[in-house]
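As a basis for the values below, the full set of heavy atoms in this structure was taken, side chains included, without hydrogen atoms, waters or symmetry mates.
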Amino acid sequence: MNIWVDALPDKLHSHRINMNTRRDFLQKMGASALMLQLSSISAFADAPEEIKQPYDGRVLRVAIMGLGGYGTRVAEAMKACTKAKLVGVISGTPSKIKDWQAKYNIPEKNCYHYQNFDEVKDNPDIDAIYVTTPNALHHGQVIRIAKAGKHAICEKPMALNAKEGQEMVSACKNANVNLLVGYRMHFEPRTLEVIRMRNAGDFGKIMFFQGQCGFKIGDPTQWRLNKALAGGGSMMDIGIYAINGARYMVGEEPIWVTAQETKTDPVKFKEGVDETIQFQLGFPGGAVASCLSSYNINHLDRFFMSGDKGFAEMQPSTGYGPIKGRTHLGELTQPITTHQTVQMDEMASIIFEDKRPVVPADGEEGLKDLKIIDAIYEAVKTGKKIRLTV
């Protein structure tokens, strides 16, 4: 209103209004503007409070197991959490424990090593343990966490195979604790917008999905290239993103899979450690997916989905951020978030408030991906189309 009134003198001058008339007019307008402003202030005072109130609910107190690169990323992200807090550590390296104690103000009583962390059952100050250790350790560690009566959060892949995964799910169910998997993309705003659009019918009938996940892996001595610790190669680490992405973007569970492996460096990628795998999925609604997972091809982080009314493209699609994407209706502009911060706050709500996320992030969800990975490796080995019951 003020801007319009300030502009009035020039406009009135252009109509050659005399000074007296102009003065009277402006005085009346000024009085009207004042009344409008006072009315607005009164209305604002009566309006509901829009300022976000501080969270005063129960906080999820978390210990991180495995103080490597990803554990550090989670710890840093949790600094911004409102519903979750880092309170403990579990590591096989005493020097790391000391460093984390100093950096994150962790009390001595909340520090454990791999041999004695079962004692956490007697520690009322820890609610959940987040497992970020190598894949082969997840199974045994999560079962021990369940027996200690603590909630388990496990990085993906949840286990080396579906048999192990089922045992983890059963152990947590029997202990009446939650088993959640670190599916950070399930809480990412732009990803959730694509899912919302699909559910709203904006893309029409889904016909095709493409998932590309790959990079050139470095140090050949790292645990990710050790079958005993990793359970495989690129498929276990990043191929699972394409599997999971196909499921949540298409919105159905696949009913068959075929797959082919390419290996150009058998020295770096030894027997049982896959370098590159292409795989195809079929869905009951008629959609097909064509996906690729590689440890030897850079710049692969893209999802594309096409329906008979539109499309969605995300690139980067699963990296740590920012996720970027567009649809036939334009760019995705939802807020950019730190994935692990949102994930941990949401997981606190799942555990304490029984919140049901749009895309599940529980042990059953992790088990579905493991069943598909088992079938992909079988398809590579046999050359057959494998029927799925996910």
Side-chain angles (χ1 to χ4, degrees), residues 66 68-71 73-74 131-136 138 154-161 165 181-186 188 191 209-220 222-227 229-249 254 257 259-265 268-270 272-281 289-305 314-325 339-340 343 359 361 365-366 368-377 379-380:
Y70 195 73
R73 183 178 289 275
V74 172
V131 177
T132 65
T133 55
N135 305 340
H138 294 176
C154 186
E155 256 314 294
K156 56 82 196 158
M158 188 174 74
L160 296 187
N161 52 57
V181 184
Y183 287 122
R184 55 190 168 81
M185 303 313 300
H186 294 195
E188 196 281 318
T191 301
F209 173 83
Q210 183 180 55
Q212 300 173 338
C213 302
F215 65 93
K216 284 197 172 186
I217 199 165
D219 180 9
Q222 64 180 283
W223 70 263
R224 287 180 177 82
L225 296 178
N226 181 334
K227 179 174 171 45
L229 288 175
S234 68
M235 180 57 60
M236 300 296 286
D237 185 24
I238 53 175
I240 191 171
Y241 283 112
I243 294 171
N244 196 248
R247 293 175 51 235
Y248 64 64
M249 288 191 68
V257 63
Q260 308 82 38
E261 180 179 4
T262 300
K263 186 172 294 193
T264 64
D265 187 348
K268 189 172 187 178
F269 304 101
K270 297 177 175 60
V273 179
D274 47 283
E275 174 187 326
T276 299
I277 290 182
Q278 299 176 75
F279 61 97
Q280 302 79 41
L281 299 166
S290 176
C291 303
L292 184 146
S293 168
S294 181
Y295 264 165
N296 203 29
I297 305 174
N298 275 332
H299 315 301
L300 293 180
D301 187 3
R302 176 178 179 267
F303 285 173
F304 177 80
M305 182 172 68
M314 308 184 78
Q315 186 176 8
S317 58
T318 62
Y320 292 140
I323 301 301
K324 297 180 180 179
H339 300 170
Q340 294 81 4
Q343 172 195 315
V359 184
E365 179 77 4
K368 290 175 181 179
D369 283 342
L370 290 174
K371 289 179 179 179
I372 297 171
I373 289 176
D374 285 353
I376 286 172
Y377 282 135
V380 165

Quiz item: Is any side-chain heavy atom of M185 closer than 4.5 Å to a side-chain heavy atom of V359?
Solution: no
Quiz item: What are the two closest heavy atoms between M235 and Y377, and how far apart are they?
Solution: CB-OH, 3.4 Å
Practice problem: Quick one: do I372 and F279 satisfy side-chain contact (heavy atoms from CB on, under 4.5 Å)? Show the steps, please. | Solution: CA-CA 11 Å; I372 297 171; F279 61 97; 5.7 Å; no
Quiz item: Quick one: side-chain contact (heavy atoms from CB on, under 4.5 Å) partners of D265, sequence neighbours excluded?
Solution: V267, K268, F269, E275
Quiz item: Residues two or more places apart in sequence or in another chain: which of them pass side chain to side chain donor-acceptor pair (under 3.5 Å) with E261?
Solution: none
Exercise. Tell me, with the steps shown, if M314 and M305 meet side-chain contact (heavy atoms from CB on, under 4.5 Å).
Key: CA-CA 9 Å; M314 308 184 78; M305 182 172 68; over 6 Å; no
Quiz prompt | Whether R184 side chain and T318 backbone form a donor-acceptor pair below 3.5 Å | solution = yes
Practice problem: Can you sort out the partners of F303 under ring pair (Phe, Tyr, Trp, His ring centres under 6.0 Å), two or more places apart, ordered by chain and number? | Solution: F209
Quiz prompt | Any H186 side-chain heavy atom under 4.5 Å of N244 side chain | solution = yes
Quiz item: Looking at CZ of R224 and OH of Y295, how far apart are the two atoms once the value is rounded to the nearest 0.5 Å?
Solution: 6.0 Å
Exercise. Working to the nearest 0.5 Å, report the span between CG of D301 and SG of C213.
Key: 6.5 Å
Quiz prompt | Side chain to side chain, H138 and T133, heavy atoms closer than 4.5 Å | solution = yes
Self-check item: Flag side-chain contact, heavy atom, 4.5 Å: E365 against R247
Solution: yes
Practice problem: Kindly indicate whether the side chain of P157, heavy atoms from C-beta on, has any atom under 4.5 Å from the side chain of L370. | Solution: yes
Quiz prompt | Minimum-distance pair of heavy atoms, taken over all atoms of R302 and S317 | solution = N-OG, 3.4 Å
Quiz item: Is there a donor-acceptor pair closer than 3.5 Å between any side-chain N or O of S293 and the backbone N or O of S234?
Solution: yes
Quiz item: Do I217 and Q222 come close enough that some side-chain heavy atom pair is under 4.5 Å?
Solution: yes
Quiz item: What are the two closest heavy atoms between G214 and I238, and how far apart are they?
Solution: CA-CD1, 3.5 Å
Practice problem: Answer yes or no: is there a side-chain heavy-atom contact under 4.5 Å between F304 and Q315? | Solution: no
Quiz item: Looking at P316 and I323, what are the two nearest heavy atoms and their distance?
Solution: O-CG2, 3.3 Å
Exercise. Would you check if the side chain of T132 reaches a backbone N or O of G66 as a donor-acceptor pair within less than 3.5 Å?
Key: yes
Quiz item: Are the side chains of K156 and N135 in touch, meaning some heavy atoms are under 4.5 Å apart?
Solution: no
Quiz item: Do side-chain atoms of D274 reach the backbone of G232 as a donor and acceptor pair under 3.5 angstrom?
Solution: no
Practice problem: Measure the spacing between CG of D369 and CD1 of I240 and express it to the nearest 0.5 Å. | Solution: 4.5 Å
Quiz item: Looking only at heavy atoms, what is the nearest atom pair of G366 and Y183, with distance?
Solution: CA-OH, 3.4 Å
Self-check item: Approximate separation, where rounding is to 0.5 Å, of M249 CE and Q210 CD
Solution: 11.5 Å
Practice problem: Check A159 against G165 and note the closest heavy-atom contact, atom names and distance. | Solution: CB-N, 3.8 Å
Practice problem: Report the distance from atom CD of Q280 to atom CD1 of I376, rounding to the nearest 0.5 Å. | Solution: 9.5 Å
Exercise. Look only at the side chain of K270 and the backbone of N226, and say whether a donor-acceptor pair between them is shorter than 3.5 Å.
Key: no
Self-check item: CD1-CZ distance between I297 and F215, expressed to the nearest 0.5 angstrom
Solution: 12.0 Å
